[in-house]
Every structure is written in structure tokens, then in C-alpha cells.
Amino acid sequence: MLIEGPKNEGLEKVIPDGTKINKIEIKNGIVNIDVSKEFVENHKGGAEAESRTIYSIVNTLTGLNEVEAVKILIDGDNEAGFKDNLVNFKNAFVKQESTT
């Protein structure tokens, strides 16, 4: 559903067009989600937009009882990152608590 984007026109799609899920597995409370290179290649970039994309995924998946963190891989590469190198995927991400 996150890949499809919101139905409400007032909301912004945060997963880049063309992104495909290659594989998802849960192991020891960590979801490993392997996505296609379009996830980084088609992303508009910028720290705020990148963080919004990451935490839309992380906060959604960590809403499941058995999930504590999310590890993102790009076509199997577990040390990839966004093109501008502001955010990398070397470590798993944990839920980001709301500050509001």
C-alpha cells in the first residue's frame, strides 16, 4: 500500500515510482526488506524527504508486534544509501517516535 501511495490528493507519495519489492523476511524481530534500485535512483533526495520515506516504511512495519526494526537493502546490497549520501542503509532503522 505504501508503494501505491495515498488515495487522498492532499497527501504526498513517499515511495519513488518504479520501486519494486524483491524480498521481505522477518528474522529475530528485524524485517529485511530488499527493494529495487528505483527506490534510490528515482528518489527526489534531500534529508527531509529521505527521512520521510524511510520512516513511513519503518513506522508502519514496527507497528506489527513481532517487528522491532527494519533493514533496507537495495537489490541485495545491505550497505547502499540514497544518491546524495545523506542517508545510508548500513544499519537497521527503529521506530521514530512522534515529537508532536
Side-chain angles (χ1 to χ4, degrees):
M1 292 175 75
L2 287 172
I3 287 177
E4 290 177 20
K7 304 291 185 223
N8 182 326
E9 290 181 25
L11 299 175
E12 178 184 352
K13 181 178 180 181
V14 295
I15 307 296
D17 288 335
T19 299
K20 294 182 179 41
I21 297 173
N22 298 326
K23 183 178 180 181
I24 296 178
E25 67 180 3
I26 301 174
K27 204 182 251 187
N28 300 323
I30 299 175
V31 171
N32 291 296
I33 180 168
D34 184 7
V35 293
S36 63
K37 66 183 186 289
E38 289 80 9
F39 185 79
V40 291
E41 288 180 356
N42 296 345
H43 199 278
K44 65 183 178 180
E48 187 176 320
E50 292 169 3
S51 182
R52 209 171 24 252
T53 297
I54 294 298
Y55 287 100
S56 69
I57 296 168
V58 172
N59 290 352
T60 297
L61 292 175
T62 55
L64 302 171
N65 289 334
E66 62 272 13
V67 178
E68 298 170 17
V70 177
K71 177 76 171 116
I72 297 174
L73 298 90
I74 306 299
D75 287 330
D77 182 357
N78 65 359
E79 294 193 15
F82 285 110
K83 301 182 279 197
D84 57 14
N85 292 316
L86 294 175
V87 176
N88 70 56
F89 311 135
K90 206 177 255 190
N91 300 310
F93 296 92
V94 295
K95 183 174 185 166
Q96 186 178 54
E97 297 300 326
S98 175
T99 58
T100 57

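Note that the structure is a prediction, hence the values are computed from the model and not measured. Counting from 1, the numbers follow the sequence of the chain as shown.
Among all heavy-atom pairs drawn from F93 and N88, the shortest one is CZ-O, 3.5 Å.
I30 pairs with exactly one of I26, N28, N32 by the side chain to side chain contact (heavy atoms under 4.5 Å, CB included) rule, that one being N32. Just one of I54, I33, N59 meets the side chain to side chain contact (heavy atoms under 4.5 Å, CB included) condition when paired with V70; it is I33.
A donor-acceptor pair under 3.5 Å links the side-chain atoms of T53 to the main chain of V14, judged by distance alone. In this structure, T62 contributes its side chain and V58 its backbone to a donor-acceptor pair below 3.5 Å.
Looking at residues two or more places apart in sequence or on another chain, you find a side chain to side chain donor-acceptor pair (under 3.5 Å) between D17 and K13. In this structure, the side chain to side chain contact (heavy atoms under 4.5 Å, CB included) partners of E41, at least two apart in sequence or on a different chain, are K37. Residues passing the side chain to side chain donor-acceptor pair (under 3.5 Å) test with D75, sequence neighbours excluded: N22. Taking S36 as the reference, E38 meet the side chain to side chain donor-acceptor pair (under 3.5 Å) condition, with sequence neighbours excluded. Applying the side chain to side chain contact (heavy atoms under 4.5 Å, CB included) rule to E48 yields the partners R52; only residues at least two apart in sequence or on another chain are considered.
Aromatic ring pairs are classed by plane angle as parallel below 30°, tilted from 30° to 60° and perpendicular above 60°; the pair F82 and F89 is perpendicular.
Between I15 and F39, the closest side-chain pair of non-hydrogen atoms falls below 4.5 Å. Under the 4.5 Å side-chain criterion, counting only non-hydrogen atoms from C-beta, T19 is not in contact with N42.
Within the structure, the salt bridge (charged side-chain N to carboxylate O under 4.0 Å, His left out) test picks out no pair touching residues 77-93 (sequence neighbours left out).
Both Y55 and V67 belong to a common hydrophobic cluster when Ile, Leu, Val, Met, Phe, Trp and Tyr are linked at side-chain heavy-atom distances under 4.5 angstrom.
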